Amino acid sequence: MRFWHQEILGTPFLWYATRAAGLVCLVLLTASTVLGVLNSGRLTSKRWPRFVIQGLHHNIALLALAFLALHIVTTVLGTFTPIDLTDAFVPFASPYHRLFLGLGATACDLLLVLIATSLVRQRIGQRLWRTVHWAGYACWPVAIAHSIGGGTDTGKGWDLALTLLCLACVGASMLYRAIRLISPRTVP
Amino acid sequence: MRHRDGPRARRDNGLRTVSILTWRVALFSVIAMVALTTMLGRSG
């Protein structure tokens with residue numbers, strides 16, 4: 001006699017859900033990174049004041065964390081890959097796709113540190129928070145590398161288009177930030 | 001009307017915008033997740 005959860009674990013449903021959650025998480029992480037970079041470049045307008053951009057950056061990062069949790073849970077519960085919970089948090093511990101799974105675990109740890117320090121920002125002080133938040137610039141490219149190198153759908157056109165779109169969005173926001181850094185500040 | 005344009009009203013409007021957009025992104029993400037899972041399941 002098989003129970004309903006054994007039926008689900010035995011089918012590739014969780015494997016499809018893992019891949020879908022990973023892609024949605026990557027898009028959300030990209031959106032949060034873009035908003036964070038734009039906010040640090042002091043992008044503001046009457047309709048989009050800085051606290052709105054900052055609030056969205058924060059909330060979308062939390063959403064990305066929720067989908068990351070889904071990505072990890074469906075991977076660990078599924079029987080399609082030999083990945084356990086430790087492999088999701090300890091980088092390069094698993095012999096299965098050691099490099100790219102390790103990069104995924106690194107991105108996961110960095111995101112957890114980023115969100116945890118942001119939640120206790122008032123307590124740890126602005127300087128330490130800012131120093132740790134620079135890790136955000138490492139989290140996103142590591143997640144992209146995990147997606148490209150370890151993704152099952154990497155060779156497919158739609159996945160390539162999505163990855164290129166993510167790269168273009170972050171690239172454009174970085175360019176905006178760089179232009180803001182080198183241009184003289186104007187007082188509104 | 002002063003209360004409509006004051007800093008407090010702007011702040012309230014901004015917070016409402018953050019809330020509405022967050023819920024929209026969350027809803028869109030769930031729909032995307034379900035659609036992708038279905039699409040991957042069909043393509044195998």
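Not measured: the values here are computed from a predicted model. Within every chain, numbering begins at 1; the chains are lettered A, B, ... in the order of the sequence lines, protein sequences first and strands thereafter. The basis for the numbers below is simple: all heavy atoms, side chains too, and nothing from hydrogens, waters or symmetry mates.
Counting only heavy atoms from C-beta outward, the side chains of Leu40(B) and Asp153(A) approach each other to under 4.5 Å. Taking 4.5 Å as the limit, every side-chain heavy atom of Tyr16(A) sits out of range of all side-chain heavy atoms of Leu36(B). At a threshold of 4.5 Å between non-hydrogen side-chain atoms, the residues Arg47(A) and Thr17(B) do not count as touching.
A continuous path of hydrophobic side-chain contacts links Phe89(A) to Leu68(A) [ILVMFWY only; heavy atoms under 4.5 Å]. The hydrophobic cluster containing Val170(A) does not contain Leu103(A), counting ILVMFWY residues as joined when their side-chain heavy atoms lie under 4.5 angstrom apart, directly or transitively. Hydrophobic clustering of Ile, Leu, Val, Met, Phe, Trp and Tyr side chains at less than 4.5 Å, counting indirect connections, unites Ile115(A) with Val37(A). Both Val34(A) and Val24(A) are part of a single hydrophobic cluster, where members link through side-chain heavy atoms under 4.5 Å apart. When the side chains of ILVMFWY residues are joined at heavy-atom separations under 4.5 Å, either directly or via intervening members, Leu175(A) and Leu165(A) end up in two distinct hydrophobic clusters.
Counting heavy-atom pairs under 4.5 Å between each of Ala17(A), Ala31(A), Pro49(A), Ala66(A) and chain B puts Ala17(A) at the top. With chain A as partner, the option from Ala35(B), Ala26(B), Ser19(B), Ser29(B) having the largest number of non-hydrogen pairs under 4.5 angstrom is Ser29(B).
When each of Leu62(A), Ile60(A), Asn59(A) is tested with Thr22(B) by the rule side-chain contact (heavy atoms from CB on, under 4.5 Å), just one qualifies, namely Asn59(A).
The two atoms that bring Thr37(B) and Ala20(A) nearest to each other are OG1-CB, 3.4 Å, heavy atoms only. Minimum heavy-atom separation, Phe51(A) to Arg10(B): CZ-O, 4.0 Å.
Residue Arg121(A) qualifies as enclosed at atom CZ: its count of foreign heavy atoms under 6.0 Å is above 12. Counting non-hydrogen atoms of neighbouring residues, nucleotides and ligands closer than 6.0 angstrom, the CH2 atom of Trp23(B) reaches no more than 12 such neighbours. Other residues, nucleotides and ligands contribute only 12 or fewer heavy atoms inside 6.0 Å of the CD atom of Gln122(A).
Going from atom CZ of Phe28(B) over to atom CG of Leu28(A) covers 9.5 Å, rounded to the nearest 0.5 Å. For the atom pair CE (Met33(B)) and CG (Leu70(A)), the distance works out to 4.5 Å, reported to the nearest 0.5 Å.
Using a 4.5 Å cut-off between heavy atoms, Val30(B) touches chain A through backbone and side chain atoms alike.
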